[in-house]
Amino acid sequence: MVKVSFSSALAQKDVKKDVETLIPGDEQDPEVGLPVRHQSMAWCWCMCLGLALMLSGVVVGGAYLYRFYILEQDQVFICGVNYREEDFMIVEEKEVEVDLPSQFQLRQLEESIRVLEKEQVEIINVPVPEFDGSDPADIVHDFHRRLTAYLDLSLNKCYVIPLNTSIVMPPKDFLELLVNIKAGTYLPQSYLVHEEMMVTERLEHIDQLGYFIYSLCHDKETFKLQRRDRILGMQKREALNCRKIRHFENTFVVETSICEP
């Protein structure tokens, strides 16, 4: 008689396998879960793409606003003006033509200009001119302080005088003129106006002249200027040591003579 016996380990394994096939587990059927996973991934990609498009729109829009609403206010214009060597003088803040010999030679003056309309300030840089007799300079016209400062770059000296509004255009009008020149709707060809200044005294407290003039002159020798025609006892033909700066902040070119006795 033959006795048949079964291994207990094999029996337990078969029973466990049968139980697992009868009791549903937590895992989902692969054939059912696969479409759900693809749908979830597609939704994530769509959301990421939408966010990327939104961010790119914000960046482009911000760059546009910065370019046209901020840089347009503070951009630097590099302009040139043609003018003739005609003879005009500034007397009592008016232009007066005088009968002096003139060669009417056409010349060109270039300068870089920055207009801060909100601060009511014009900042001008006059590079080394192509012709002799004029110095390079940095100029600040502060309409809020009603002051003008000249920094003669050849001498490294600053000169301050009350703002002459008959010569210097207000920032809004000057900015409009520069935009028209840049667009080609206005091609300047103008004349030369002369004004003469006298050095009267040295200024010590530059910080009281406002931020922009202080930034220009704070580490320079700074002097106060006065118009020569307003100084009592000053003769027109008196020999003086003068430096000249040619610049424009209007439809004409100005030659500012800064003289010392």
Q: Is it the case that Ser257 and His194 place a side-chain donor and acceptor less than 3.5 Å from each other?
A: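 The criterion, which ignores hydrogens and geometry beyond distance, is not satisfied for His194 and Ser257.
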Q: I'd like to know if Glu255 and Arg246 make a salt bridge, using a cut-off of under 4.0 Å between side-chain N and carboxylate O.
A: yes
Q: Please find the pair of heavy atoms, one from Leu177 and one from Met169, that lie closest to each other, and give the distance.
A: CD2-SD, 3.9 Å
Q: Restricting to non-hydrogen atoms, name the atom on Pro129 and the atom on Pro136 that form the minimum distance, rounded to 0.1 Å.
A: CD-N, 4.3 Å
Q: Looking at Glu221 and Arg202, is there a salt bridge between them, counting it only when a charged N and a carboxylate O are closer than 4.0 Å?
A: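 Between Glu221 and Arg202 there is a salt bridge, with a charged N closer than 4.0 Å to a carboxylate O.
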Q: Step through the shown structure and confirm whether more than 12 heavy atoms of other residues, nucleotides or ligands are within 6.0 Å of NZ on Lys157.
A: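 Check passes, neighbour count above 12.
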Q: Within this structure, what is the OG-CZ distance for the pair Ser154 and Arg243, rounded to the nearest 0.5 Å?
A: 5.5 Å
Q: Please check if any side-chain donor atom of Glu249 sits under 3.5 Å from a side-chain acceptor atom of His141, or the reverse.
A: yes
Q: Enter the distance from Ile78:CD1 to Leu178:CG here, rounded to the nearest 0.5 Å.
A: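 With rounding to 0.5 Å, CD1 (Ile78) is 12.0 Å from CG (Leu178).
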Q: Does either side chain, that of Thr200 or that of Gln226, offer a donor lying less than 3.5 Å from an acceptor on the other one?
A: no
Q: Ring centroid separation for Phe252 and Tyr191, is it under 6.0 angstrom?
A: yes
Q: Side chains of His144 and Gln120: do they bring a donor and an acceptor to under 3.5 Å?
A: no
Q: If you apply the rule salt bridge (charged side-chain N to carboxylate O under 4.0 Å, His left out), what do you find for Arg227 with Glu195, and how did you get there?
A: CA-CA 8 Å; Arg227 298 189 183 282; Glu195 63 175 0; 3.1 Å; yes
Q: Can you see which heavy atom on Val121 is nearest to which on Pro171, and at what distance?
A: N-CG, 4.1 Å
